[in-house]
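First up is the structure itself, then whatever we jot down about it.
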Amino acid sequence: LIILSLAVFASSGLAKDDNTLWEKEFVLALQKGKALLDRKAGGLGYTLSQEEREEKILAKAIRKAMDLKAPPCEAMKIAVDLKYKPYSVIRNIFGSGGEVDLDQMCMCATEKGVKKQIIAQAAREATYGGKPVYAPDEVTQSQCLREIGLGFSGFAPPEDIPPPPPPPPPVSPSTPI
């Protein structure tokens, strides 16, 4: 009975470690990324801007966390707490390839103080495999985003322009009036 209890206790402790493994690795990756960003880039040749380097670090960390089945809301909160830009965080979470519910992410992000316009823009611009994650209708019809009055901001089909009226018939001295 004691051995069975120890086995159950040990396995439950290991399961808890697996659930927080993503969090430890995610926080470490983001903190390490911030430390690298604080250093000045030097050397010859092309270097990425501070913003581009931050975006790459963030994208890699989020992708790995989502692969480890991180809850999207928790990952977003951690990254925003570590002073990463909410727009980039949310767009990368949407584009991570995992199943992310737009309304749940919206509610979570607004609780964190992120403006709904930022959430909507991130949702519209998130891509996975070169394709948009959400159709424009999904974003505009989101229950959480509906109250900000989003309209479809894509290109509307051109309106039909009526052709100009035909020119009047030419007037000549030989034409009777």
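The basis for the numbers below is simple: all heavy atoms, side chains too, and nothing from hydrogens, waters or symmetry mates. For this chain, numbers begin at 1 and follow the sequence in order. None of these values were measured; they are calculated from a predicted model.
Side-chain contact annotation: Gln50 with Arg53, donor-acceptor N/O pair under 3.5 Å present.
Looking only at side-chain heavy atoms (C-beta outward), Glu74 and Phe26 stay at 4.5 Å or farther from each other. Residues Trp22 and Asp67 form no side-chain contact, since every pair of their non-hydrogen atoms from C-beta on lies 4.5 Å or further apart. Contact annotation: the side chain of Cys108 approaches that of Met76 to within less than 4.5 Å [non-hydrogen atoms, C-beta and beyond].
Using modelled atom types, one side-chain atom of Lys116 and one backbone atom of Cys144 make a donor-acceptor pair closer than 3.5 Å. For the pair Lys34 (side chain) and Lys83 (backbone), a donor-acceptor distance under 3.5 Å is present. Listed for the Thr110 side chain is a donor-acceptor partner under 3.5 Å among the backbone atoms of Met107.
Note: Ile118 CD1 to Cys106 SG = 11.5 Å, rounded to the nearest 0.5 Å. Separation of atoms CD (Glu111) and NZ (Lys77) is listed at 6.0 Å; rounding is to 0.5 Å. Leu58 CG to Arg63 CZ: the interatomic distance, rounded to the nearest 0.5 Å, is 10.0 Å. A distance of 10.0 Å separates OH of Tyr134 from CG of Leu145, quoted to the nearest 0.5 Å. Taking CG of Leu30 as the reference point, atom CD1 of Ile78 lies at 8.0 Å (rounded to 0.5 Å). Taking CG of Leu102 as the start and CD of Glu138 as the end, the distance is 7.5 Å to the nearest 0.5 Å.
The minimum heavy-atom distance between Pro86 and Val114, with the atom names listed, is CB-CG2, 3.8 Å. For the residue pair Asn92 and Ala59, the shortest heavy atom distance occurs at OD1-CB, 3.3 Å. Taking all atoms of both residues into account, the shortest heavy-atom contact from Ala29 to Ile57 is O-CG2, 4.2 Å. In this structure, Pro72 and Met66 approach most closely via the heavy-atom pair CA-CE, 3.9 Å. Nearest heavy atom pair, residue Ile119 against residue Ile90, reads CG1-CD1, 4.0 Å. Contact detail for Phe94 and Ala126: the closest heavy-atom pair is CB-CB, 3.5 Å.
Under the 4.5 Å side-chain heavy-atom criterion for Ile, Leu, Val, Met, Phe, Trp and Tyr, Tyr128 and Val139 are members of the same hydrophobic cluster.
Taking a cutoff of 4.0 Å between a charged side-chain nitrogen and a carboxylate oxygen, Glu55 and Arg91 qualify as a salt bridge.
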